[in-house]
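Quick notes on the structure that follows.
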Amino acid sequence: MIMSRSEAPHDDMTGNLLDRLLAGLPAEAVLTDPDVTGSYAHDMAGFCPAGNPAVVVLPRTAEEVQHVMRTATALRVPVVPQGARTGLSGGANATEGCIVLSLTRMDRIVEINPVDRIAVVEPGVVNAALSRAVGEHGLYYPPDPSSWETCTIGGNIGTASGGLCCVKYGVTAEYVLGLDVVLADGRLMSTGRRTAKGVAGYDLTRLFVGSEGSLGVVVRAILALKPRPPRQLALAAEFPSGAAACDAVCRIMAGGHVPSLLELMDRTTVGAVNELTRMGLPETTEALLLAAFDTPDPAADLAAVGALCEAAGATQVVPAEDVAESELLLQARRSALVALDAVKGTTMIDDVCVPRSRLGEMLEGVERIAEKHGLTIGVVAHAGDGNTHPTVCFDAADPDERRRARESFDEIMGLGLELGGTITGEHGVGVLKKEWLAREIGPVGVEMQRAVKAAFDPLGILNPGKLF
């Protein structure tokens with residue numbers, strides 16, 4: 001239902017909220033039908049509680065976002081900013097009676113500047129759309145989450161997303177130069193710069209990246225771009241064990257190689273991808289390592305890496321013959337999480353990042369946890385970063401499997417911390433990992449982060465219940 005100002009009820013808090021929102025928003029931007037608003041209640045994470053939004057607002061301008069935040073502050077109503085809801089930690093889940101602020105209609109690419117190598121975009125721009133647009137100018141926006149065809153830049157900024165190319169090009173945080181942010185009280189603040197350098201004051205831009213909408217609402221971003229590299233060529237290497245594949249990763253990185261991609265899929269993941277896509281990946285392997293280079297002479301780089309893989313025990317190394325074959329390998333990797341979800345119908349996707357030197361121990365530990373709980377857990381990893389995604393497959397209709405899935409998920413995070421890692425490399429904390437954030441950063445860390453939150457959002461209305 002789209003409700004006009006005159007139709008909005010006036011006999012309770014919700015009516016007052018709607019009346020105030022409609023005073024500064026077009027009617028089509030305000031959604032109240034419970035069947036519609038309910039579809040905005042949660043992201044793609046499981047085991048995360050979600051409330052019922054009082055209203056969903058879809059602004060098109062920064063001024064409309066400011067009006068929403070002023071209204072929310074006046075009425076003390078929580079606001080949950082959202083992008084495409086592809087997140088995997090419950091960070092975009094609604095709280096009861098909140099305003100869901102969906103930014104997907106703010107989808108303009110405002111500027112692409114080849115000289116300054118920047119793009120200025122609104123938060124609802126889809127990652128892949130930006131990549132294609134800058135590519136027409138001979139430029140490249142590297143961060144490429146697996147959901148890049150649907151996820152938005154605002155969501156990527158909120159969770160400090162990574163992607164397959166992080167091993168060479170880094171994550172979202174390294175590409176956000178400046179932001180326009182609407183604060184909790186409706187004021188508009190600009191951070192950062194358009195220049196290649198800049199150290200004026202505290203780095204508030206970096207503070208907002210990864211804050212999961214808890215400090216302010218991003219309404220515009222200045223993003224750094226790079227010259228478009230040559231098309232990459234890839235290889236696939238089969239290994240008799242996860243440990244051997246991880247040894248190859250260590251050899252590649254220690255050897256000074258800079259692949260544009262270095263990804264790992266275990267046997268369970270390879271089997272799931274084959275079942276879903278019929279790609280014919282080698283199911284005899286215990287671990288499949290994908291490496292790619294976008295250098296001027298990728299064939300030579302692949303040959304060197306292939307030799308290192310063989311030295312680590314690879315049973316077969318198959319370089320792609322051309323770009324098309326390389327893209328098929330990458331598509332197989334991008335299909336991994338969807339394929340694992342199809343194994344049992346429900347997944348819990350961990351996001352533990354460990355030092356590269358401990359990657360083999362991480363895989364071995366996950367295998368023990370899977371055996372202990374009698375569960376299927378597939379591992380796909382940005383191996384070059386040490387960022388693993390152990391994915392617990394289970395039947396959500398079976399209470400015992402649900403319990404075992406949650407216990408195994410927690411044990412995997414505990415293992416990551418024991419190995420000197422972190423509970424999240426790119427998915428964020430959200431609701432799913434609140435308890436574990438406190439364990440990782442400690443009581444003093446929690447105290448200081450809450451102080452930062454209070455400085456930006458003294459009423460606690462921005463995405464409450466997340467992170468802490």
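The residues of the chain are indexed from 1 along the displayed sequence. All values below come from the heavy atoms of this structure, side chains included, with hydrogens, waters and symmetry mates left out.
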Do any N or O atoms from the side chain of Lys168 and from the backbone of Phe293 form a donor-acceptor pair under 3.5 angstrom? no

On a heavy-atom basis, which atom in His427 and which in Asp351 lie closest, and how many Å separate them? N-OD2, 2.7 Å

Are the side chains of Asn93 and Val80 in touch, meaning some heavy atoms are under 4.5 Å apart? no

Check whether Ser147 reaches the backbone of Thr150 with its side chain - one donor and one acceptor, N or O, closer than 3.5 Å. no

Testing Val176, Leu223, Val126 one by one against Ile153 for a side chain to side chain contact (heavy atoms under 4.5 Å, CB included), which residue passes? Leu223

Quick one: do Glu401 and Lys344 make a salt bridge, cutoff under 4.0 Å? yes

Quick one: does NZ or CZ of Arg402 land under 6.0 Å from the six-membered ring centre of Phe47, within 45 degrees of the ring axis? yes

Between Glu212 and Lys466 (salt bridge meaning N to carboxylate O under 4.0 Å), is one present in this structure? no

Which pair of heavy atoms, one from Met106 and one from Ala62, lies closest together, and at what distance? CE-N, 3.8 Å

If you look at every heavy atom in Ser161 and Thr172, which pair is closest and at what distance? O-OG1, 2.8 Å

Can you tell me if Glu122 uses its side chain to pair, donor with acceptor, with the backbone of Arg108 under 3.5 Å? yes

With heavy-atom distances below 4.5 Å as the criterion, would you say the side chains of Ile412 and Met362 are in contact? yes

Looking at side-chain heavy atoms only, is the closest gap between Asn463 and Pro81 below 4.5 Å? yes

Salt bridge (Lys or Arg N to Asp or Glu O under 4.0 Å) partners of Glu411, counting only residues at least two apart: Lys372

Measuring from atom CD1 of Ile369 to atom CG of Leu375, what distance do you get when rounded to the nearest 0.5 angstrom? 11.0 Å

For residues Val431 and Pro49, report the shortest heavy-atom separation together with the two atoms involved. CG1-CD, 3.6 Å

Partner residues of Asp185 under the side chain to side chain donor-acceptor pair (under 3.5 Å) criterion, sequence neighbours left out: Arg187

Cut-off 3.5 Å, side chains only: do Asn156 and Tyr175 have a donor facing an acceptor? no

Between the side chains of Arg403 and Glu407, is the shortest nitrogen-to-carboxylate-oxygen separation below 4.0 Å, so that they form an ion pair? yes

Flag side-chain contact, heavy atom, 4.5 Å: Trp436 against Asp410: yes

For Ser326, does its backbone N or O pair with a side-chain atom of Gln232 as donor and acceptor, under 3.5 Å? no

Mind listing the side-chain donor-acceptor pairs of residues 136-146 below 3.5 Å, one per line with the distance, residues two or more places apart or on another chain?
residue, atom, partner, partner atom, Å
Asp144, OD1, Leu164, N, 3.0
Asp144, OD1, Cys165, N, 3.3
Asp144, OD2, Arg334, NH2, 3.1

Output yes when Glu111 and Arg194 qualify as a salt bridge under the 4.0 Å nitrogen-oxygen rule, no when they do not. yes

When you compare the side chain of Val366 with that of Thr388, does any pair of heavy atoms fall below 4.5 Å? no

Determine whether Leu188 and Asp180 make a side-chain contact, defined as any pair of heavy atoms from C-beta on separated by less than 4.5 Å. yes

